[in-house]
Amino acid sequence: MKNWKRSLKVMVLGVLCLALFTGCGNITESSGESGGSGKKDAKYKIATVVKLSNSAWFERMDAGVKRFADETGVDAYQIGPQKADAALQVQMIEDLIAQNVDAIVVVPFSPEALEPVLKKARDKGIVVISHEASNLKNIDYDIEAFDNSAYGAHLMDKLGELTKGEGEYATFVGNLTTKTHNEWIDAAVKLQKDKYPKMELVADRLESNDDQKTAYDNTRELLKKNPNLKGIQGSGMPDAAGAALAVEEMGLTGKVKIVGTSLVSVAGKYLESGSLDMISFWDPADAGYAANKLAYKILEGKEKELKDGFDAGAPGYDNLKLDGKTFYGEAWIDVTKENMDDYDF
């Protein structure tokens with residue numbers, strides 16, 4: 001009996017040890033995904049924290065971060081929450097501070113919510129670079145693909161052209177806290193009032209929460225309430241595609257004109273069908289690369305190079321303009337059915 005009990009104990013301990021070993025293996029693997037690219041001898045560790053991990057936009061940005069890591073040998077990697085939530089971004093940055101990374105690049109869901117934790121990071125000597133957040137204070141620099149007001153006005157100019165400057169229209173934002181989206185819409189509405197006075201804004205800044213289904217649902221509701229709607233301007237990456245699907249399903253293709261920020265991989269089929277008229281974007285891969293390049297220059301003690309005309313090594317970011325702490329590129333791209341095949345992302 002004693003031998004049997006002893007054998008049973010050995011078996012149980014063996015199973016527990018195996019489970020513990022396997023569990024530890026999973027933890028290590030997970031840490032490798034969120035805690036670095038695995039370059040143990042790298043001189044610096046730069047973490048890019050994005051709004052959302054499971055997004056085509058940020059998957060494309062990750063390609064630029066990886067390209068930067070490959071070219072420089074820096075341990076540069078990207079992480080982001082599974083849902084767009086400022087609190088989750090805060091926790092990720094807290095974890096990075098504890099890991100003592102050298103630099104953090106961040107695309108904030110809510111810039112205001114991140115100010116305290118970014119201050120904590122800078123107080124610890126961590127370099128902080130932001131993107132899509134020119135209002136952040138606790139940063140070294142912010143980098144933008146372009147002047148946000150010019151971009152928003154550009155989209156409205158296209159919508160005004162498509163609607164012949166008349167009729168009701170609506171605007172979407174990914175979230176009311178997203179500074180860039182608000183800047184685009186502010187400039188768009190201003191241009192509409194000045195240049196297209198016969199257009200009427202009937203729904204301002206509908207929130208999609210950066211979710212295509214939400215944009216779709218909101219558009220269906222919008223069209224039911226406003227049957228005379230002639231145009232939609234989207235801001236969040238899924239907005240235009242979600243709106244186009246709703247327009248398509250409701251038999252309004254060609255009657256409701258849609259423009260917005262998106263990617264061909266997300267919105268291409270709607271460009272092809274004609275339910276979406278034009279998308280614009282900046283290549284997130286280039287933005288990720290350029291933001292990491294700014295952080296790297298500071299870490300290398302070469303901040304004097306960061307001035308008007310700085311070349312961050314990516315198209316549209318090769319002649320940056322500096323205004324205060326914000327660098328502006330010239331990186332927007334317009335895509336229609338005619339040229340969509342030129343872009344594979």
Item checked: Check against side chain to side chain donor-acceptor pair (under 3.5 Å), Q82 and S53 -> CA-CA 6 Å; Q82 289 292 312; S53 61; 3.0 Å; yes

Notebook entry, point to check: So, are K230 and E168 salt-bridged, with charged N and O less than 4.0 Å apart?
Noted result: no

Margin query: Apply salt bridge (charged side-chain N to carboxylate O under 4.0 Å, His left out) to residues D140 and R122 and explain how you reach the verdict.
Written below: CA-CA 8 Å; D140 290 87; R122 295 196 76 216; 3.2 Å; yes

Next item on the list: Look at the side-chain heavy atoms of Ile, Leu, Val, Met, Phe, Trp and Tyr, link any pair under 4.5 Å apart, and say whether V106 and L88 land in one connected group.
Entry: no

Next item on the list: Heavy atoms only: give me the nearest F281-T261 pair and the separation to one decimal.
Entry: CA-CG2, 4.5 Å

Next item on the list: Give the C-alpha distance, both sets of side-chain angles, the deciding distance and a yes or no for side chain to side chain donor-acceptor pair (under 3.5 Å) between Q91 and D95.
Entry: CA-CA 6 Å; Q91 185 56 58; D95 291 345; 3.0 Å; yes

Next item on the list: May I have the step-by-step check of salt bridge (charged side-chain N to carboxylate O under 4.0 Å, His left out) for K321 and E330, ending in yes or no?
Entry: CA-CA 9 Å; K321 304 301 179 187; E330 298 175 343; 6.0 Å; no

Check: Can you check side-chain contact (heavy atoms from CB on, under 4.5 Å) on Y296 and V127, steps first, answer last?
Finding: CA-CA 9 Å; Y296 182 62; V127 171; over 6 Å; no

Next item on the list: Answer yes or no: is there an ion pair linking E161 with K158, defined by an N-O contact shorter than 4.0 Å?
Entry: yes

Margin query: Tell me whether D286 is salt-bridged to R60, with the criterion being a basic N under 4.0 Å from an acidic carboxylate O.
Written below: no

Next item on the list: Answer yes when E249 and R220 have at least one side-chain N-carboxylate O distance shorter than 4.0 Å, and no when they do not.
Entry: yes

Item checked: Pair L114-Q89, side-chain contact (heavy atoms from CB on, under 4.5 Å): steps then yes or no -> CA-CA 8 Å; L114 295 192; Q89 280 195 311; 3.9 Å; yes

Note to self: For Y169, run the side-chain contact (heavy atoms from CB on, under 4.5 Å) check against V189, V256, V202 and tell me which one passes.
What the structure shows: V189

Checklist line | For E207 against N218, the heavy-atom pair lying closest together | finding: O-ND2, 2.7 Å

Check: Between D204 and T171, does any side-chain donor sit less than 3.5 Å from a side-chain acceptor?
Finding: yes

Margin query: Do E300 and Y44 pair up side chain to side chain, a donor and an acceptor below 3.5 Å, judged on atom types alone?
Written below: yes

Note to self: As an exercise, state the distance from NZ of K124 to CG of L96, rounded to the nearest 0.5 Å.
What the structure shows: 13.5 Å

Note to self: Looking at L222, is its backbone amide N or carbonyl O close enough to the side chain of N226 to form a donor-acceptor pair, meaning the two atoms are under 3.5 Å apart?
What the structure shows: yes

Margin query: Could you walk me through whether I104 and I129 satisfy the side-chain contact (heavy atoms from CB on, under 4.5 Å) test, starting with their C-alpha distance in whole Å, then the side-chain angles of each, then the deciding distance to 0.1 Å, before giving a yes or no?
Written below: CA-CA 6 Å; I104 295 171; I129 304 295; over 6 Å; no

Note to self: Testing the basics here: between F345 and P284, what is the closest heavy-atom pair and its distance to 0.1 Å?
What the structure shows: CE1-CD, 4.4 Å

Checklist line | Between D62 and Y77: side-chain donor-acceptor atoms closer than 3.5 Å | finding: no

Next item on the list: Using a strict 4.0 Å threshold on nitrogen-to-oxygen distance, state whether K190 and D186 make a salt bridge.
Entry: no

Margin query: Between E71 and R67 (salt bridge meaning N to carboxylate O under 4.0 Å), is one present in this structure?
Written below: yes

Note to self: Distance check, rounded to the nearest 0.5 Å: L263 atom CG versus M340 atom CE?
What the structure shows: 12.0 Å

Note to self: What's the separation between atom CD1 in I298 and atom CD in E305, rounded to the nearest 0.5 Å?
What the structure shows: 11.5 Å

Next item on the list: Would you confirm whether N138, through its side chain, and E115, through its main-chain N or O, come within 3.5 Å as a donor-acceptor pair?
Entry: yes

Check: Between D239 and Q233, is a side chain to side chain donor-acceptor pair (under 3.5 Å) present by the stated rule, with each step listed?
Finding: CA-CA 8 Å; D239 294 355; Q233 179 170 329; over 6 Å; no

Check: Looking only at heavy atoms, what is the nearest atom pair of A295 and A103, with distance?
Finding: CB-CB, 3.9 Å

Next item on the list: Please check if any side-chain donor atom of E248 sits under 3.5 Å from a side-chain acceptor atom of S273, or the reverse.
Entry: yes

Check: What are the two closest non-hydrogen atoms of T178 and F109, and how far apart are they?
Finding: OG1-O, 3.9 Å

Next item on the list: Mind listing the closest non-hydrogen atom pair of S275 and I258 along with its distance?
Entry: O-CD1, 3.5 Å

Notebook entry, point to check: Going through the distances and angles, do N100 and K45 end up as a side-chain contact (heavy atoms from CB on, under 4.5 Å)?
Noted result: CA-CA 9 Å; N100 199 31; K45 181 178 282 191; over 6 Å; no

Check: Parallel under 30°, tilted from 30 to 60°, perpendicular over 60°: which one fits the rings of Y289 and F68?
Finding: perpendicular

Margin query: One thing to verify: whether D70 and K66 come together as a salt bridge, which I'm taking to mean a side-chain N less than 4.0 angstrom from a carboxylate O.
Written below: no

Checklist line | K137 bridged to D142 by N-O distance under 4.0 Å | finding: no

Next item on the list: Output, in order, the C-alpha distance, side-chain angles, deciding distance and verdict of side chain to side chain donor-acceptor pair (under 3.5 Å) for N292 and T48.
Entry: CA-CA 8 Å; N292 274 261; T48 296; 3.2 Å; yes

Checklist line | Donor-acceptor pair, side chain of N339 and main chain of T336, under 3.5 angstrom | finding: yes

Notebook entry, point to check: Of Y328, Y343, F146, which is the lone residue that meets ring-ring contact (aromatic ring centres under 6.0 Å, His included) with W282?
Noted result: F146

